[in-house]
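Scroll down for the structure; my scribbles are underneath it.
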Amino acid sequence: MDLTGAVWRTSTRSDNGGATCVEVATNLPHLVGVRDSTDRRGPVLAFAPSAWTAFIEFTVVSQPTR
């Protein structure tokens, strides 16, 4: 898996400045990378962009009402 050029951003749901959250790279054409912000040299989960979009859409519609 080639992550050359990946631009990582901290999750917008992080409530502690990103110290214990995930980072996402969505700028690569054929995959979305997800990694632990506390272990940047560790493993990366890779998703097809369509799968990542479906996951995000699911989380939006599955939010509990407050």
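What you see is a predicted model, and the numbers here were worked out from it, not measured in a lab.
- Between Ala6 and Ala25 the shortest heavy-atom distance is CB-CB, 3.9 Å.
- No single ILVMFWY cluster, assembled from side-chain heavy atoms under 4.5 Å apart, contains both Val24 and Val44.
- In the hydrophobic clustering of this structure, Phe47 groups with Ile56; members are Ile, Leu, Val, Met, Phe, Trp, Tyr whose side-chain heavy atoms approach within less than 4.5 Å, directly or through other members.
- Taking hydrophobic clusters as Ile, Leu, Val, Met, Phe, Trp and Tyr residues chained together by side-chain heavy-atom distances below 4.5 Å, Met1 shares a cluster with Trp8.
- Interatomic distance, Leu45 CG to Leu31 CG, rounded to the nearest 0.5 Å: 11.5 Å.
- Not a single donor-acceptor pair under 3.5 Å links the side chain of Ser37 to the backbone N or O of Glu23.
- If you run side chain to side chain contact (heavy atoms under 4.5 Å, CB included) between Val22 and each of Thr38, Thr10, Val34, only Val34 comes through.
- Residues Val7 and Asn27 approach most closely at N-OD1, 2.9 Å, considering heavy atoms.
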